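Here the structure comes first, spelled out in structure tokens, and everything after it is commentary.
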Amino acid sequence: MASVNQMSYWMSTASDIVTRQWHLFLPIAILFSSVIFLGWRSSLIEGNEDNSDSNNTVAEIMDKEYVTEVPFHVGEVRVSRIFVHPIKSCRGTSVSEARFTPTSLESGCNVSSNIGLNSVHQNDRKWCIVDAQTNAIITAREFPKMVLIIPRLDVDSSSPHGGNLTISFPKESGCSEFKVPIAPTPDMLRKWEVLEDCKMHRIFVMDGYISQSISSSPDTPTKTLSKYFGKPVHLLMKGPTPRECPPTSAFPDLKATALYADAYPLLVASEESLSEFQRIVQGFASKGKEAAIGGLDHGRWSKGKVEMERFRPNIVLKGAGVPFAEDFWRTVVLHSSNSTANSELTLLSKCTRCLLPNVDVHTGVRDAAVPLKVLLKFRMGKDRENMKAACFGCNGMLDKTGVVKVGDLVTIKEWTDLEGV
Ligand SMILES: *[C@@H]1O[C@H](CO)[C@@H](O)[C@H](O)[C@H]1NC(C)=O
Ligand SMILES: *[C@@H]1O[C@H](CO)[C@@H](O)[C@H](O)[C@H]1NC(C)=O
Ligand SMILES: *[C@@H]1O[C@H](CO)[C@@H](O)[C@H](O)[C@H]1NC(C)=O
Ligand SMILES: *[C@@H]1O[C@H](CO)[C@@H](O)[C@H](O)[C@H]1NC(C)=O
């Protein structure tokens, strides 16, 4: 790991400079934020066997390329599922509708102004857990049991702080539930400490408020969470400084902000991509030893379902009828089923995957092979910025504030070329 550490140190120093002199460094920024960041992520990938047996297996199971020309015919596409993950890497929730802003599914910066429109508030990745000694933001890559922490949004439009984020823990941890305000009042925020230099993936620097409980319990969120993590940590709520998203090769002048998502406001995936992925996992698992994926549990995965929750998308689409169709959509229109205006969802880049989806969302245990090693067999070489990474889903952003509902119609406004998003 020495080279990874050195590279990360070098990258974080360089990215500080880039942050200050952003306008002078666009081409370099693209390189850092995309190529090197993704390279760093894929360097964490455990041994990936390449051999002719498993190549043959992929060829047999896949039988053809999914897409050979664009545009291609798609069926009627609709939003099939919506997920919100209030705390980065902790359990997500499936919801039937969510308000959104260009920054997140309901960034909640000004909840009170939204109450007239709709009572639904979902706050995706507005909170995260940070190591109190290093200020490094912790993810389920390093601490898989994070996925067992359950955040729940109890919205209350009559409350001055918009309601409660209630955080609960598995019984055996001995940690008791606590509540923090969803949208703290200015008075509350004045008393909360801001950490300025929190690092995500050792490269991105961002701020956050150390969240305080709304109850008068003697245990602060910091104390309870530190017990769960076995070291000093804080619950952070995104701070006041907007976090700029790195440019992508398709959008070198990208103007976007995100909360504590990996890099972009939203992750989009499709049911067809998941079904195809599952078919390939089951294909490998039912082949026996010759499929040669180290650590693949053939018994479990020859029938086992792969849950969408592992990939932690926000908006899931269904109906195209072609796996990975979303790779070729530059802009789609979400047709609101209600009075709010239609919104455009732009897909910014493919999502390159790390080991996080290997964590079982119900047990917090990391699988040795699924999904990453299987994805590497047939979803590598799709992202022009990092040909060694495996892709699933696309990063995106919405162009305005609105409400998305399960069942909303989605039409394709603009296609990419054959290289995809
Ligand atoms: C299997 O496929 C990978 C990726 O396409 C390639 O790099 C490797 O050389 C192939 N192995 C064999 C033995 O054909
Ligand atoms: C927040 O909402 C209030 C009440 O609607 C409004 O007056 C104010 O301008 C909003 N602030 C921001 C920053 O949007
Ligand atoms: C939020 O927590 C407070 C304090 O425990 C409680 O009085 C209130 O009912 C909670 N609100 C919601 C919407 O659950
Ligand atoms: C549309 O909005 C109205 C109120 O503005 C609400 O009563 C109705 O249930 C909504 N319809 C759908 C399909 O969500």
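Start at 1 and go down the list; that is how both ligands and their atoms are numbered. Along the sequence shown, the residues carry numbers beginning at 1. From a predicted model like this one, the values you see are computed outputs, not experimental measurements. As a basis for the values below, the full set of heavy atoms in this structure was taken, side chains included, without hydrogen atoms, waters or symmetry mates.
- For the residue pair T185 / H161, no side-chain donor-acceptor distance below 3.5 Å is found, with atom types taken as modelled.
- In K382, the NZ atom is crowded: over 12 heavy atoms of neighbouring residues, nucleotides or ligands sit closer than 6.0 Å.
- Using modelled atom types, one finds a donor on one side chain and an acceptor on the other under 3.5 Å when comparing S349 with N395.
- Taking a heavy-atom cut-off of under 4.0 Å, ligand 3 is surrounded by D154, D156, N164, K179, I214.
- D383 and T352 share no donor-acceptor pair across their side chains, judged by distance under 3.5 Å alone.
- Counting all heavy atoms, side chain and backbone alike, V421 lies closest to W329 at CG2-O, 3.3 Å.
- Every residue meeting the ring pair (Phe, Tyr, Trp, His ring centres under 6.0 Å) condition with F392, not counting sequence neighbours, appears here in chain and number order: F311.
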